[in-house]
Amino acid sequence: GTQKALSESDASYQAAVPMIVSMSHCQKTNTTFIIELPELCLSSTQQKAIIEHIVQTCLHNHPGNKVIISTESCYVTATINNLIAATEAYNKQPDKLDLIRGLVPMKQWLNISEVSAHEFEKGTATKVINRDEEMILEAATDAASGSINDTFSELIKIRYPDDDEY
């Protein structure tokens, strides 16, 4: 293919490439990575891929590292929840290893006991991990969806007043 300067590529590449390159070249352990808004300029699919890359490259390839991620994306938290769910599924159903690995490669699995998630509002940090359900609470980053869905439902009822499905 043709080569293009990073400065001439779209915003998603400009945001992601330096992060990916710096993580890939880090061979140290006991390193803390602080990543602010990894979702910036990325599609939902790219957000999923970058989180999986961060977990595999920074954590599994170099045990002892820590990653701190600041995010406003429900796709980032949903991806992290999937990586936690893979570990929990294996813990409860170890005979399903091949099936679980087919969904989530083992190098991307996360242990809930090693994950901490907080929501910051008005100078206060609130934990947003449900230890019983072993996941980050979706409401922490997806507060708008309920309101958006409610508005949509009301508009559909107005649009189709005689349809009982709505």
Side-chain angles (χ1 to χ4, degrees), residues 1 10-13 15-120 125-150 152-153 165:
D10 72 29
S12 64
Y13 287 105
V17 169
M19 180 173 35
I20 292 168
V21 169
S22 63
M23 285 185 288
S24 297
H25 288 296
C26 181
Q27 300 299 317
K28 298 178 182 178
T29 56
N30 298 319
T31 300
T32 300
F33 293 89
I34 301 173
I35 304 168
E36 184 175 5
L37 301 174
E39 69 269 17
L40 199 61
C41 302
L42 299 178
S43 69
S44 56
T45 304
Q46 292 169 324
Q47 290 178 45
K48 175 184 179 291
I50 197 82
I51 295 303
E52 291 169 345
H53 179 78
I54 289 168
V55 169
Q56 185 167 333
T57 303
C58 296
L59 299 176
H60 287 283
N61 291 355
H62 303 287
N65 285 349
K66 293 181 181 175
V67 177
I68 299 170
I69 298 174
S70 161
T71 187
E72 297 173 358
S73 171
C74 58
Y75 301 113
V76 168
T77 54
T79 299
I80 292 169
N81 278 339
N82 284 347
L83 305 182
I84 293 167
T87 303
E88 297 305 321
Y90 173 74
N91 289 343
K92 291 184 174 39
Q93 300 287 337
D95 58 313
K96 304 285 186 186
L97 175 62
D98 290 337
L99 180 60
I100 299 165
R101 280 196 312 209
L103 295 168
V104 179
M106 285 182 82
K107 285 193 170 233
Q108 296 172 359
W109 293 9
L110 287 172
N111 189 325
I112 187 70
S113 67
E114 297 173 350
V115 175
S116 180
H118 297 80
E119 182 176 59
F120 295 90
T126 306
K127 289 183 181 181
V128 291
I129 290 212
N130 183 326
R131 296 278 177 204
D132 295 331
E133 293 184 23
E134 299 163 330
M135 61 185 276
I136 299 170
L137 301 172
E138 289 293 324
T141 55
D142 199 20
S145 285
S147 173
I148 292 167
N149 290 337
D150 291 345
F152 183 78
S153 294
E165 282 189 45

| note | What one should report as the nearest heavy-atom pair of Thr57 and His62 is O-CD2, 3.1 Å

| task | Please list all pairs passing the side-chain hydrogen bond (donor to acceptor under 3.5 Å, both in side chains) test where one or both residues lie in residues 85-102, with sequence neighbours left out. | result | Asp98-Arg101

| Which value, rounded to the nearest 0.5 Å, describes the distance between Gln47 atom CD and Leu40 atom CG? | 9.5 Å

| Shortest non-hydrogen contact from Trp109 to Val55? | O-CG1, 4.4 Å

| query | What's the shortest heavy-atom distance between Ile54 and Pro38, and which atoms? | reply | CD1-CB, 4.5 Å

| Can you tell if the side chain of Ile84 reaches within under 4.5 Å of the side chain of Met135, non-hydrogen atoms only? | no

| request: Check the pair Ile80, Thr71 against side chain to side chain contact (heavy atoms under 4.5 Å, CB included), reporting the backbone distance first and the verdict last. | output: CA-CA 12 Å; Ile80 292 169; Thr71 187; over 6 Å; no

| message | Tell me if a side-chain donor or acceptor on Asn65 pairs with a main-chain N or O of Asn30 at a distance below 3.5 Å. | response | yes

| Over all atoms of both residues, closest heavy-atom pair of Val128 and His118 | CG2-N, 3.8 Å

| said: Tell me whether Asn81 contacts the main-chain N or O of Ile136 through its side chain, where contact means a donor paired with an acceptor under 3.5 Å. | reply: yes

| field | Side-chain touch Ile35/Ile50, heavy atoms, less than 4.5 angstrom | value | no

| note | Here the gap from Glu72 atom CD to Glu36 atom CD, rounded to the nearest 0.5 Å, amounts to 9.0 Å

| query | Side chains of Glu52 and Thr79: does their closest heavy-atom pair fall under 4.5 Å? | reply | yes

| message | For a side chain to side chain contact (heavy atoms under 4.5 Å, CB included) check, start with the C-alpha distance between Gln108 and His60, then their side-chain angles and the critical distance, and finish with the verdict. | response | CA-CA 7 Å; Gln108 296 172 359; His60 287 283; 5.6 Å; no

| field | Closest contact, heavy atoms only, Arg131 versus Val115 | value | NH2-O, 3.3 Å

